[in-house]
Amino acid sequence: MIEDFPMQQIINEDGEIVDADALNDISTEKVKSFYYKMLCARMLDKKCVNLQRQGKIGTYVPYEGQEAAQIGSAVALEEGDWIFPTYRDHAATLTFGHSMRNLLLNWRGRPEGNVPPEGVNIFPPGIPIASQLLHATGAAWAEKKHGSDRVSLVYFGDGATSEGDFHEALNFGSVFNIPTIFFNQNNGYAISVPMERQMKTKTIAQKGLAYDMDCLRIDGNDVLAVFAATKASVDRARANQGPTLIEAVTWRYGAHTTADDASKYRDQNESETRRETTDPLLRVQRYLQTQNTWNEDWLKTIEEEITDEIETAIAEMEAYPEPDLRQLFDYVYDRPTWTIQEQVNQHLAVQGEE
Amino acid sequence: MIEDFPMQQIINEDGEIVDADALNDISTEKVKSFYYKMLCARMLDKKCVNLQRQGKIGTYVPYEGQEAAQIGSAVALEEGDWIFPTYRDHAATLTFGHSMRNLLLNWRGRPEGNVPPEGVNIFPPGIPIASQLLHATGAAWAEKKHGSDRVSLVYFGDGATSEGDFHEALNFGSVFNIPTIFFNQNNGYAISVPMERQMKTKTIAQKGLAYDMDCLRIDGNDVLAVFAATKASVDRARANQGPTLIEAVTWRYGAHTTADDASKYRDQNESETRRETTDPLLRVQRYLQTQNTWNEDWLKTIEEEITDEIETAIAEMEAYPEPDLRQLFDYVYDRPTWTIQEQVNQHLAVQGEE
Amino acid sequence: MVSPAVNTKKMTMIEGVRNAMDEMLKENEDVIILGEDIGVNGGVFRATEGLHEKYGEDRIIDTPISESGIIGNSIGLAANGFRPIAEIQFLGFIYPGFNQLMTHATRLRQRSLGRFTVPVVVRAPYGAGVKAPEIHSDSVESLFTHMPGIKVVVPSNAYDAKGLLIASIDDPDPVMFLEPLRCYRSNRTEVPDGKYTIDIGRASVLKQGDDISVFTWGAMVMDTMKAIETLEEEQNMSCEVIDLRTLYPLDKETISASVQKTGRAAIIHEAPATGGVSNDVISLINDTSFLYLRAPIQRVTGFDTPVPVYSLEQEYLPSAAKIQAAIVNAVNF
Amino acid sequence: MVSPAVNTKKMTMIEGVRNAMDEMLKENEDVIILGEDIGVNGGVFRATEGLHEKYGEDRIIDTPISESGIIGNSIGLAANGFRPIAEIQFLGFIYPGFNQLMTHATRLRQRSLGRFTVPVVVRAPYGAGVKAPEIHSDSVESLFTHMPGIKVVVPSNAYDAKGLLIASIDDPDPVMFLEPLRCYRSNRTEVPDGKYTIDIGRASVLKQGDDISVFTWGAMVMDTMKAIETLEEEQNMSCEVIDLRTLYPLDKETISASVQKTGRAAIIHEAPATGGVSNDVISLINDTSFLYLRAPIQRVTGFDTPVPVYSLEQEYLPSAAKIQAAIVNAVNF
Ligand SMILES: Cc1ncc(C[n+]2csc(CCOP(=O)(O)OP(=O)(O)O)c2C)c(N)n1
Ligand SMILES: Cc1ncc(C[n+]2csc(CCOP(=O)(O)OP(=O)(O)O)c2C)c(N)n1
Ligand SMILES: [Mg+2]
Ligand SMILES: [Mg+2]
């Protein structure tokens with residue numbers, strides 16, 4: 001079966017062009033903008049790991065290694081589209097327009113973290129595995145019913161394919177021909193459990209056959225391949241040609257979260273090797289180098305730019321006003337029930353006494 | 001995709017041999033014994049519809065038309081194997097050794113209906129759609145862990161493939177190489193919803209591809225094809241070669257239940273046509289006729305035999321002692337909790353006062 | 001709420017439910033219905049009969065058998081502008097969709113500080129006493145009253161059903177709308193034409209009385225009224241009967257005012273005693289009316305057992321004798 | 001239950017949990033564990049650390065991410081001879097498996113008149129206060145106490161955890177074994193070597209007292225004890241503190257004896273007030289001890305809201321001040 005789903009690439013690990021036709025559609029400027037976004041995401045991720053160590057944010061979920069998958073897919077969307085991230089997909093949400101400050105506030109345990117800028121359709125990250133897939137179909141179905149050509153894209157991991165909701169969402173998507181891109185980041189592990197114990201199949205793409213759904217497998221570390229495949233799927237969805245299941249094969253370098261110890265279940269040398277070989281940023285760099293469009297000064301400039309942006313966001317996060325009790329009480333319902341109102345009153349009465 | 005899953009037959013609608021090799025393994029005696037069981041099931045089913053009309057049993061779920069699928073599969077099992085029926089699979093449970101009396105008691109709202117004879121492994125019928133698939137994998141997994149070669153077979157309908165539990169069970173089955181036969185009776189409808197609205201795929205068999213599971217599609221009205229395919233799958237499972245998904249294409253002639261009105265959602269003439277063409281009993285009769293082994297006297301004899309058996313079972317059902325309150329209280333836990341015990345006492349105190 | 005000029009019609013409760021949906025489908029294009037067998041078939045209890053023909057398959061949507069899919073998609077649809085009514089064929093089959101309710105439908109507003117909301121009504125027939133197969137008969141209201149972020153409504157007649165269902169569809173938050181099976185066709189009430197609402201959170205005093213406050217809802221309303229009728233005749237006793245109608249939030253004023261008047265209370269429901277909504281009512285009375293109580297509060301409930309198969313179903317349901325005994329106990333305490 | 005000659009060791013609660021499973025895995029080949037990341041990884045809280053190495057992957061089974069699959073398969077395994085322990089990574093992720101618990105695990109014995117039984121223990125860490133992400137922190141004990149056919153156990157220390165978990169694994173019926181996250185490593189108690197059991201259904205009187213009976217369980221035991229310590233010092237008051245330990249069935253004798261002695265009661269828990277187990281305790285007191293009550297029963301609970309993200313988590317949890325205020329309210333009533 002795996003032969004039926006070859007891993008699609010546009011540029012390979014060494015930065016060599018594999019699919020020149022596909023590359024034609026993508027300007028060097030665009031490639032460089034992808035690189036910029038990936039670098040920004042990576043620098044932010046490293047920073048967050050540090051912030052967690054310093055106790056400035058809580059347990060953090062790193063995505064380092066998966067930048068191409070998240071950014072290549074997010075840039076293929078347009079305004080008015082919808083994305084449904086998991087806890088690991090903030091490279092995607094950042095790319096799609098979430099504010100860096102709110103993204104940081106999320107890791108600081110602040111409800112604002114889930115609130116995207118006005119007009120940007122990003123759902124709060126899905127925590128119960130695979131449950132968000134059904135919101136993605138629902139929201140895209142609404143677009144279709146309202147006659148727009150907007151689509152939704154939902155992120156989920158290899159492990160998520162084991163949940164019933166994965167199946168129900170793909171079935172709904174195919175039965176009602178809903179414009180949703182089911183974007184799987186197969187990073188090889190679900191916490192400690194490798195793909196081989198999660199499923200018998202060697203590909204996730206083939207699961208689309210159970211729904212007569214378009215399905216493909218791409219090199220998730222090739223940002224160009226990710227972009228091109230997602231864009232094609234999005235175009236099809238916009239044209240009412242139905243949903244697509246994309247398997248983007250990738251790898252997380254780090255632990256599952258900052259509370260996880262990856263060395264308990266895998267040899268972390270593998271990650272070190274991969275940094276030298278399949279890394280998504282390095283690959284673009286190599287490609288630009290072979291094209292003679294790589295420039296160390298440019299790199300330095302953008303590194304500085306990004307550092308500034310991140311430092312500003314962190315400063316904003318740190319200066320952010322204290323959490324407000326009303327965030328706990330006022331948004332359970334449109335208007336608090338008497339039960340909640342009474343609880344607020346009691347709470348304030350006692351905590352005032354302290 | 002449907003071309004990859006041709007509907008396997010051994011004898012066709014006209015009773016002609018399609019697969020002579022496969023037929024070689026099945027003696028005429030065996031064929032006649034299948035016919036006997038199918039006739040018994042059909043006569044019982046008709047009787048139950050009548051009993052329901054007379055108010056002697058509650059809402060009844062008929063299976064008429066699906067006798068070949070249920071009986072061909074159940075006879076492929078052996079002692080010590082496990083079956084997991086739905087509400088519609090009493091032709092299968094009867095064949096596998098359930099008592100006709102208890103089967104009738106079930107429709108009379110009696111808990112004894114769920115209790116199979118000692119040593120016969122039949123689970124109570126699955127009511128929440130698809131949930132029983134996971135019990136089937138669990139029980140067969142237990143056999144495998146205990147080192148036996150017993151297998152489980154689980155029945156479910158076309159509609160059941162939409163539930164998350166279908167997916168989770170097939171995934172567990174394939175990951176742990178569990179000896180379970182996932183036996184789908186695709187009767188074209190889930191209450192009023194036709195297969196085309198339940199899924200986009202034209203076959204259910206292909207859903208096995210999502211798990212790298214053996215999967216096939218058979219004519220579920222050809223009892224010989226059902227038997228042969230199930231037997232082969234069972235043998236493979238016994239030899240630790242893993243689970244199989246079988247799609248048996250069939251048709252229910254009647255309504256979903258005696259409370260359902262099928263004419264609301266489909267043309268019941270279709271059923272009448274099918275009685276003359278694809279009927280599972282008629283097909284065996286035609287086959288035996290072409291073989292010159294059909295005998296009207298035999299038919300009469302067995303009809304009388306079966307009538308007797310059914311009448312006896314009905315008499316037993318009607319004479320069965322009144323329900324016992326202890327059945328409500330004594331089996332919630334191994335020993336009633338004080339809460340339940342107190343409730344029994346209060347109940348008896350008041351109902352005694354009446 | 002109802003203008004006196006409006007025409008009324010006698011309806012069964014299922015007709016009231018259908019009529020409410022019809023009104024709202026007519027009024028608001030964003031109202032849609034999702035469920036199993038609700039289209040051509042009109043629902044297994046005919047709640048949606050005729051609606052598919054009238055509003056088409058884009059609005060009256062037969063779904064695959066997939067409760068998580070129904071509720072999960074309804075969340076996405078609701079967050080993106082629709083007002084879905086999700087029909088669960090029997091409440092006993094809502095559990096595969098429990099995760100979507102518990103972790104999403106009820107929390108999305110809070111999780112997004114109001115950015116995304118879920119105006120979904122989940123309708124489900126429920127309760128014992130109609131000889132349904134196993135698992136079809138659960139009364140599990142309290143699984144939902146314990147779920148922050150959703151309201152729980154239970155009508156017992158056509159008038160309430162229509163007014164409450166319209167209010168539920170209009171509500172900006174998720175509502176669990178539970179329809180007692182035994183009430184579907186057992187009685188008829190006058191139902192006004194057109195749109196009217198009954199406030200969620202308001203109980204209905206069915207009968208004034210002085211000696212005890214009897215709280216109940218759903219199908220037990222009928223049984224309670226009947227049990228009390230004989231009791232009052234035979235024992236010269238005056239019972240106040242209150243149909244709670246909304247189980248979350250409870251009607252604190254009505255409950256406490258009644259108990260403070262009568263000094264005694266009984267609660268009647270089908271669900272198991274442990275964890276049943278009766279305990280919340282007791283707790284509310286403890287909080288509001290402790291000093292008024294002249295006897296322990298009585299509960300008449302289902303047992304701490306599953307609802308049995310139908311030959312034993314009548315034993316499971318609170319009987320008239322038990323309701324009467326409980327009231328007598330309280331009054332004679 | 002513990003012979004005096006037996007050695008003891010100081011353990012955290014998570015060690016007590018692990019030790020109990022180790023004992024039972026050693027004793028009975030049919031004991032197996034299923035769950036996510038419980039194998040090589042030893043569980044995300046290390047509850048199964050070392051067990052995979054010791055007992056092998058046929059008994060310590062890493063499953064796909066599939067809670068319905070874990071519980072559903074456990075039912076089949078249990079009905080066919082095994083004694084599965086199913087670990088749910090956080091209680092907040094049990095909902096996808098809710099249907100299997102509600103309609104099968106808890107009913108199979110009754111549905112088959114005892115022919116098939118489900119001796120399964122479902123273990124799950126739970127509760128707020130450890131800065132976990134959203135949805136990880138639910139306290140939903142009452143979803144299970146309301147489910148006929150399952151017992152619900154909540155230890156608060158290592159000694160209880162080990163004895164109760166062994167009793168749960170030995171129990172012929174399903175047991176929901178809830179492990180308060182905040183207790184995992186917050187204190188150590190002496191734990192005997194070898195096998196011992198604590199009866200399911202027995203509360204533990206942590207401290208005798210005369211003025212009020214304070215009922216609590218899980219992580220709130222620590223907070224309650226601390227709140228009461230200052231209160232007793234400052235206000236010259238004597239509180240009886242009872243760790244319920246089992247939430248279904250409740251320990252009727254211990255609860256009612258205590259309230260009949262003190263005449264006052266308070267219940268402290270993390271779950272939302274509405275539908276929380278406190279209401280069952282109130283109901284039990286109403287049934288057994290009405291005439292002894294000298295003040296309304298007090299509740300200190302979580303709010304009728306979801307557990308918020310961690311910056312607001314401490315506001316959500318019952319504070320010492322609230323526990324003290326409730327007790328003072330009752331005593332000064
Ligand atoms: C329903 C549910 N079960 C369990 C968990 C705990 N959990 C959080 S992340 C995770 C692994 C997910 O793996 P995968 O889908 O591959 O995504 P990745 O973390 O690799 O991005 C698990 C089991 C959860 N969040 N939800
Ligand atoms: C979880 C759940 N949802 C809904 C139902 C109601 N229901 C009973 S039978 C049925 C149709 C099942 O169709 P199919 O799987 O094709 O089996 P068939 O009845 O055709 O044998 C439905 C929806 C149920 N029993 N369980
Ligand atoms: Mg992964
Ligand atoms: Mg069918």
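This is a predicted model, so every value here is computed, not measured. Note on naming: letters A, B, ... go to the chains in the order of the sequence lines (proteins, then strands), and numbering restarts at 1 for each one.
- The residue among B/A169, B/P128, B/A140 with the most heavy atom pairs within less than 4.5 Å of chain D is B/P128.
- Proximity to chain D is limited to the side chain of B/F172, based on heavy atoms less than 4.5 angstrom apart.
- Residue B/Q185 holds its CD atom at 4.5 Å from CD of B/Q70, rounded to the nearest 0.5 Å.
- Annotation for D/E53: atom CD does not count as buried by contact number, only 12 or fewer foreign heavy atoms lying within 6.0 Å.
- With chain D as partner, the option from B/L328, B/N114, B/D334 having the largest number of non-hydrogen pairs under 4.5 angstrom is B/D334.
- No donor-acceptor pair under 3.5 Å is formed between the side chain of B/S174 and the backbone N or O of B/M213.
- B/E342 touches chain D through its side chain: at least one heavy atom from C-beta onward sits under 4.5 Å away, while N, CA, C and O do not.
- Ranked by heavy-atom pairs shorter than 4.5 Å toward chain D, the options B/F84, B/W82, B/F329, B/F176 are led by B/W82.
- Ring to ring, B/F123 and D/F116 are close: their centroids are under 6.0 angstrom apart.
- Judged by distance alone, with hydrogens and angles left aside, the side-chain atoms of D/R245 form a donor-acceptor pair with the main-chain N or O of D/R202 at under 3.5 Å.
- Neither the backbone nor the side chain of D/D171 comes within less than 4.5 Å of any heavy atom in chain B.
- D/Y248 has its ring centre no less than 6.0 Å from the ring centre of D/H146.
- Residues D/S289 and D/S256 bring no donor and acceptor atom of their side chains to less than 3.5 Å of each other.
- Per-residue counts of heavy-atom pairs under 4.5 Å with chain D were compared for B/P116, B/G113, B/A136; the largest is that of B/P116.
- Contact annotation for B/L133: neither backbone nor side-chain heavy atoms come within less than 4.5 Å of a heavy atom of chain D.
- Of all the listed residues (B/Q132, B/H167, B/H146), the one sharing the greatest number of non-hydrogen pairs under 4.5 Å with chain D is B/H146.
- If you measure heavy-atom distances from D/D58 to chain B, the contacts under 4.5 Å come from both the backbone and the side chain.
- Heavy atoms closer than 4.5 Å to chain B are found in both the backbone and the side chain of D/R111.
- For the set D/T63, D/L113, D/D173, the count of heavy-atom pairs under 4.5 angstrom toward chain B peaks at D/L113.
- Looking at D/T103, only its side chain comes within 4.5 Å of chain B, counting heavy atoms on both sides.
- Only the side chain of B/N171 comes within contact range of chain D, with heavy atoms under 4.5 Å apart.
- For the residue pair B/T257 and B/Y87, no side-chain donor N or O sits within less than 3.5 Å of a side-chain acceptor on the partner.
- You'll find the ring centres of D/F215 and D/H269 outside the 6.0 Å limit.
- Neither the backbone nor the side chain of B/L170 comes within less than 4.5 Å of any heavy atom of chain D.
- Your options are D/T117, D/L108, D/T106, and the one with the most heavy-atom pairs under 4.5 Å with chain B is D/L108.
- Under the side-chain contact (heavy atoms from CB on, under 4.5 Å) rule, D/I94 has a single partner from D/Q89, D/M176, D/E67, D/Q100, which is D/M176.
- For chain B, the nearby parts of D/N73 are the backbone and the side chain; heavy atoms of each come within less than 4.5 Å.
- No option in D/K195, D/R59, D/K54 other than D/K54 meets the salt bridge (charged side-chain N to carboxylate O under 4.0 Å, His left out) test with D/D22.
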